[in-house]
Engineer: 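Here's a structure for you.
Atoms within a ligand are numbered from 1 in the order they appear, just like the ligands themselves. The shown structure was predicted, so the numbers you read here are calculated from the model rather than taken from an experiment.
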Amino acid sequence: MAALRIGDTAPNFIAKTTEGEIMFHQWLGDSWGVLFSHPADFTPVCTTELGMVSKLKGEFEKRNVKVIGLSVDPLDSHFEWIKDINETQNTKMNFPMIADEDKYVATLYDMIHPNADDKLTVRSVFVIGPDKKVKLTLTYPASTGRDFFEILRAIDSLQLTATFSVATPVNWKDGDDCIIVNSISDEDAVKKFPKGFIKVKDYLRVTPQPNK
Ligand code: BEZ
């Protein structure tokens with residue numbers, strides 16, 4: 001299976017999860033989605049990640065994003081592990097986790113990188129838009145936990161740039177100034193960005209975030 005790229009349709013699948021069987025596209029509905037994999041149940045880094053995502057569920061919901069985890073262990077193992085996640089991370093798991101025992105979804109999404117480990121998944125993240133297209137991918141090795149604040153920050157940029165003719169500069173955060181995309185002429189920029197813009201260079205025009 002070739003790696004999924006930005007702009008590809010996120011493959012649909014049916015899977016067992018801790019919140020019942022789902023058909024992925026139907027489960028996403030009109031929402032954005034984050035599908036992220038975990039190497040294995042009862043592992044320390046994964047335990048902290050799942051605890052954090054539970055705590056951030058409200059932040060994902062505010063952005064109309066549904067989150068779903070995946071590990072290649074069975075459902076009964078997931079349920080046992082969730083007890084530990086809740087206890088040790090002082091939270092309550094509040095989103096589904098796929099039990100991908102046959103590695104069907106992991107293979108479909110190229111989450112197993114055999115030169116790293118031929119049985120377990122790496123830490124993949126797919127951000128999927130309401131059009132079911134892949135908008136962003138991240139791949140971390142098992143030993144490095146992800147920063148879910150960064151994933152929220154990137155979603156803010158994806159959602160903003162899907163609506164307005166802007167891009168977001170280095171280290172941008174919601175509320176910071178944006179860059180007008182180069183396909184917009186100065187003349188159109190005057191109309192589209194009533195707050196004005198600063199022309200640092202012909203190709204670098206900075207404007208306040210348009211929806212703030
Ligand atoms: C972890 O989640 O802690 C982990 C999982 C697999 C390999 C290394 C670390």
Side-chain angles (χ1 to χ4, degrees), residues 1-6 10-11 13-22 24 27-28 32-61 63 65-128 134-156 158:
M1 179 76 207
L4 276 175
R5 295 174 177 173
I6 292 173
F13 56 82
I14 294 172
K16 282 184 292 179
T17 85
T18 50
E19 297 188 2
E21 189 172 279
I22 63 156
F24 188 50
W27 176 81
L28 283 170
W32 289 67
V34 173
L35 168 64
F36 60 110
S37 57
H38 292 278
D41 290 6
F42 299 101
T43 50
V45 177
C46 300
T47 300
T48 61
E49 287 190 326
L50 289 164
M52 178 52 71
V53 175
S54 294
K55 289 176 185 165
L56 291 175
K57 170 100 179 292
E59 291 298 319
F60 285 102
E61 279 177 349
R63 293 161 173 82
V65 181
K66 289 185 169 177
V67 289
I68 187 161
L70 174 148
S71 136
V72 295
D73 287 316
L75 213 45
D76 54 353
S77 160
H78 283 7
F79 285 125
E80 281 306 305
W81 185 29
I82 285 170
K83 291 182 198 163
D84 286 0
I85 294 166
N86 291 345
E87 178 198 325
T88 63
Q89 305 306 303
N90 194 24
T91 189
K92 189 160 175 7
M93 270 277 286
N94 49 18
F95 60 91
M97 185 151 51
I98 296 167
D100 192 34
E101 271 176 280
D102 60 4
K103 303 184 172 66
Y104 177 76
V105 181
T107 305
L108 199 58
Y109 278 76
D110 195 35
M111 291 166 165
I112 296 176
H113 296 195
N115 291 328
D117 190 307
D118 60 0
K119 292 192 186 61
L120 307 177
T121 66
V122 290
R123 296 186 195 281
S124 301
V125 180
F126 294 89
V127 179
I128 298 159
V134 174
K135 304 296 180 187
L136 178 150
T137 67
L138 280 176
T139 309
Y140 278 40
S143 52
T144 303
R146 290 156 288 198
D147 182 343
F148 286 87
F149 292 104
E150 164 57 12
I151 292 168
L152 286 167
R153 188 199 71 84
I155 289 169
D156 285 340
L158 292 171

Engineer: Less than 4.5 Å apart, side chain to side chain, heavy atoms only: is that true for Phe95 and Leu50?
Structural biologist: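 Of all side-chain heavy-atom pairs linking Leu50 with Phe95, at least one is under 4.5 Å.
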Engineer: Just by distance, do the side chain of Thr18 and the backbone of Met97 share a donor-acceptor pair under 3.5 Å?
Structural biologist: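 Checked: pair present.
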Engineer: With sequence neighbours left out, what residues match Arg153 under salt bridge (Lys or Arg N to Asp or Glu O under 4.0 Å)?
Structural biologist: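 Partners of Arg153 under the salt bridge (Lys or Arg N to Asp or Glu O under 4.0 Å) test: Glu150.
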Engineer: Quick one: closest heavy-atom pair of Ile112 and Pro114, and the distance?
Structural biologist: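 Between these two residues, the closest heavy atoms are O-CD, 3.4 Å.
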Engineer: For ligand 1, list the protein residues that place a heavy atom within a distance below 4.0 Å of one of its atoms, sorted by chain and number.
Structural biologist: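 Residues Pro39, Thr43, Pro44, Val45, Cys46, Arg123, Ala142 each place a heavy atom under 4.0 Å from ligand 1, listed by chain and number.
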Engineer: Evaluate Ile151 against Leu56 for side-chain contact (heavy atoms from CB on, under 4.5 Å), listing each step before the verdict.
Structural biologist: CA-CA 11 Å; Ile151 292 168; Leu56 291 175; over 6 Å; no
Engineer: For Ala10 and Ile128, which heavy atoms make the closest approach, and how far apart are they?
Structural biologist: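 Closest approach of Ala10 to Ile128, heavy atoms only: CB-CD1, 3.7 Å.
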